[in-house]
Amino acid sequence: QVQLVESGGGSVQAGGSLRLSCAASEYTYSGNCMGWFRQAPGKEREGVATIYTNGRTTYYADSVKGRFTISQDNAKNTVYLQMDSLKPEDTAMYYCAAETGGNWGRCVALWRNNKYNYWGQGTQVTVSS
(Lines give C-alpha, C1' and ligand atoms only; values in the text may rest on other atoms or scores of the structure.)
Protein backbone atom coordinates (compact mmCIF):
# COMPACT_ATOMS: atom_id res chain seq x y z
CA GLN A 1 0.00 0.00 0.00
CA VAL A 2 2.89 2.36 0.68
CA GLN A 3 5.27 2.69 -2.25
CA LEU A 4 8.17 5.12 -2.20
CA VAL A 5 10.04 6.25 -5.28
CA GLU A 6 13.20 8.34 -5.00
CA SER A 7 14.55 10.61 -7.69
CA GLY A 8 16.98 13.47 -8.11
CA GLY A 9 20.28 11.70 -7.60
CA GLY A 10 23.24 12.18 -9.86
CA SER A 11 26.85 13.27 -10.04
CA VAL A 12 28.00 16.64 -8.79
CA GLN A 13 31.23 18.38 -7.93
CA ALA A 14 32.15 19.01 -4.32
CA GLY A 15 30.41 22.13 -3.10
CA GLY A 16 27.47 21.60 -5.40
CA SER A 17 23.84 20.88 -4.63
CA LEU A 18 21.21 18.28 -5.35
CA ARG A 19 17.60 17.91 -4.32
CA LEU A 20 16.23 14.44 -3.80
CA SER A 21 12.53 13.73 -4.02
CA CYS A 22 10.55 10.88 -2.54
CA ALA A 23 7.07 10.38 -3.93
CA ALA A 24 4.71 8.28 -1.85
CA SER A 25 1.83 6.55 -3.57
CA GLU A 26 -1.44 6.19 -1.68
CA TYR A 27 0.16 7.70 1.38
CA THR A 28 -0.36 10.75 3.51
CA TYR A 29 2.45 12.13 5.61
CA SER A 30 0.42 13.58 8.44
CA GLY A 31 1.33 11.91 11.71
CA ASN A 32 3.95 9.71 10.09
CA CYS A 33 7.71 9.36 10.13
CA MET A 34 9.58 10.04 6.91
CA GLY A 35 13.31 9.72 6.66
CA TRP A 36 16.32 9.70 4.42
CA PHE A 37 19.09 7.14 4.78
CA ARG A 38 22.25 6.47 2.86
CA GLN A 39 24.67 3.62 2.35
CA ALA A 40 28.10 3.76 0.81
CA PRO A 41 29.80 0.63 -0.55
CA GLY A 42 31.30 -1.41 2.25
CA LYS A 43 29.63 0.68 4.93
CA GLU A 44 26.53 0.30 7.03
CA ARG A 45 23.38 2.19 6.22
CA GLU A 46 22.99 5.34 8.26
CA GLY A 47 20.23 7.81 8.91
CA VAL A 48 20.60 11.20 7.27
CA ALA A 49 17.46 13.08 8.28
CA THR A 50 13.93 12.47 9.44
CA ILE A 51 10.75 14.47 9.67
CA TYR A 52 7.65 13.98 11.76
CA THR A 53 5.00 15.20 9.40
CA ASN A 54 2.28 16.01 11.89
CA GLY A 55 4.42 18.37 13.93
CA ARG A 56 6.80 19.46 11.18
CA THR A 57 9.66 18.39 13.40
CA THR A 58 13.01 17.50 11.87
CA TYR A 59 16.18 15.81 12.98
CA TYR A 60 19.55 15.48 11.25
CA ALA A 61 22.68 13.43 11.50
CA ASP A 62 25.58 15.51 12.79
CA SER A 63 27.47 14.97 9.56
CA VAL A 64 24.86 16.83 7.49
CA LYS A 65 23.58 19.51 9.87
CA GLY A 66 23.63 22.92 8.26
CA ARG A 67 24.03 21.44 4.79
CA PHE A 68 20.97 19.24 4.25
CA THR A 69 17.33 20.17 4.68
CA ILE A 70 14.41 17.76 4.80
CA SER A 71 10.99 19.09 3.89
CA GLN A 72 7.60 17.91 2.78
CA ASP A 73 4.71 18.76 0.52
CA ASN A 74 1.68 16.91 1.82
CA ALA A 75 -0.47 17.92 -1.15
CA LYS A 76 1.93 16.03 -3.41
CA ASN A 77 2.69 13.22 -0.94
CA THR A 78 6.33 14.06 -1.42
CA VAL A 79 9.29 14.53 0.88
CA TYR A 80 12.49 16.26 -0.20
CA LEU A 81 16.11 16.31 0.81
CA GLN A 82 17.89 19.46 -0.25
CA MET A 83 21.62 18.80 -0.17
CA ASP A 84 23.96 21.78 -0.30
CA SER A 85 27.73 22.08 0.08
CA LEU A 86 28.12 18.46 -0.89
CA LYS A 87 31.29 16.63 0.04
CA PRO A 88 32.87 13.50 -1.45
CA GLU A 89 32.01 11.66 1.76
CA ASP A 90 28.33 12.24 0.97
CA THR A 91 28.65 9.79 -1.91
CA ALA A 92 26.19 6.96 -1.31
CA MET A 93 22.95 5.38 -2.33
CA TYR A 94 20.21 7.44 -0.74
CA TYR A 95 16.98 5.82 0.38
CA CYS A 96 13.66 7.25 1.38
CA ALA A 97 11.79 5.41 4.10
CA ALA A 98 8.58 5.72 6.06
CA GLU A 99 7.03 4.53 9.27
CA THR A 100 3.35 5.05 9.83
CA GLY A 101 1.86 6.18 13.11
CA GLY A 102 3.66 6.69 16.36
CA ASN A 103 5.15 9.87 17.69
CA TRP A 104 8.29 11.93 17.30
CA GLY A 105 10.25 9.97 19.87
CA ARG A 106 9.46 6.76 18.07
CA CYS A 107 10.37 8.31 14.72
CA VAL A 108 13.82 9.23 15.93
CA ALA A 109 14.43 5.95 17.72
CA LEU A 110 13.52 3.90 14.67
CA TRP A 111 15.47 6.21 12.34
CA ARG A 112 18.62 5.80 14.41
CA ASN A 113 18.35 2.02 14.09
CA ASN A 114 17.31 1.81 10.42
CA LYS A 115 13.99 0.25 11.34
CA TYR A 116 11.47 2.17 9.27
CA ASN A 117 8.95 -0.18 7.75
CA TYR A 118 8.68 1.04 4.15
CA TRP A 119 11.61 1.67 1.81
CA GLY A 120 12.21 2.98 -1.66
CA GLN A 121 14.69 1.56 -4.15
CA GLY A 122 17.23 4.32 -3.70
CA THR A 123 18.89 6.96 -5.83
CA GLN A 124 22.64 7.27 -6.29
CA VAL A 125 24.48 10.42 -5.28
CA THR A 126 28.10 10.78 -6.34
CA VAL A 127 30.18 13.75 -5.26
CA SER A 128 33.55 14.20 -6.90
CA SER A 129 36.42 16.21 -5.48
Side-chain angles (χ1 to χ4, degrees):
Q1 289 187 226
V2 179
Q3 298 186 57
L4 306 173
V5 180
E6 303 97 332
S7 62
S11 298
V12 65
Q13 291 273 63
S17 298
L18 287 172
R19 189 178 77 159
L20 307 184
S21 298
C22 175
S25 299
E26 308 295 333
Y27 184 74
T28 57
Y29 292 92
S30 181
N32 300 321
C33 316
M34 295 293 299
W36 286 97
F37 301 78
R38 66 186 182 186
Q39 186 170 25
K43 297 184 178 180
E44 295 183 356
R45 188 174 62 196
E46 62 177 349
V48 175
T50 187
I51 182 168
Y52 182 55
T53 57
N54 189 44
R56 308 294 191 273
T57 309
T58 59
Y59 191 84
Y60 298 90
D62 289 341
S63 60
V64 306
K65 285 181 179 177
R67 299 189 299 118
F68 291 11
T69 303
I70 188 170
S71 62
Q72 64 184 20
D73 186 338
N74 284 1
K76 299 179 180 179
N77 284 344
T78 301
V79 65
Y80 304 95
L81 184 68
Q82 178 66 43
M83 304 184 294
D84 298 319
S85 302
L86 284 162
K87 304 175 181 179
E89 50 263 47
D90 294 319
T91 296
M93 183 71 72
Y94 283 71
Y95 299 91
C96 176
E99 180 70 32
T100 55
N103 52 60
W104 178 236
R106 183 170 180 267
C107 286
V108 174
L110 293 173
W111 171 81
R112 290 166 57 191
N113 291 283
N114 304 290
K115 293 183 178 179
Y116 280 14
N117 199 35
Y118 304 97
W119 294 83
Q121 293 297 306
T123 185
Q124 178 67 38
V125 172
T126 302
V127 184
S128 59
S129 59

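Of all heavy-atom pairs between A49 and L81, the closest is CB-CD1, 4.2 Å. The two residues M34 and A98 have their closest heavy-atom pair at SD-CB, 3.3 Å.
At least one donor-acceptor pair under 3.5 Å links the side chain of Y116 to the backbone N or O of C107. When atom types are taken as modelled, the side chain of E6 and the backbone of Q121 share a donor-acceptor pair closer than 3.5 angstrom. Listed for the T91 side chain is a donor-acceptor partner under 3.5 Å among the backbone atoms of V127.
For T69, the side-chain contact (heavy atoms from CB on, under 4.5 Å) test picks out Y60, Q82, with sequence neighbours left out. In this structure R106 satisfies the salt bridge (charged side-chain N to carboxylate O under 4.0 Å, His left out) test together with E99, sequence neighbours excluded. Listed by chain and residue number, D62 satisfy the salt bridge (charged side-chain N to carboxylate O under 4.0 Å, His left out) test with K65 (two or more places apart in sequence, or in another chain). With sequence neighbours excluded, the residues satisfying salt bridge (charged side-chain N to carboxylate O under 4.0 Å, His left out) with E46 are R38. R67 is linked by a salt bridge (charged side-chain N to carboxylate O under 4.0 Å, His left out) to D90, counting only residues two or more places apart in sequence or in another chain.
Applying the salt bridge (charged side-chain N to carboxylate O under 4.0 Å, His left out) definition to pairs two or more places apart or across chains, none involves residues 80-89.
Hydrophobic clustering, with ILVMFWY side chains joined whenever heavy atoms are under 4.5 angstrom apart, groups V2 together with V79.
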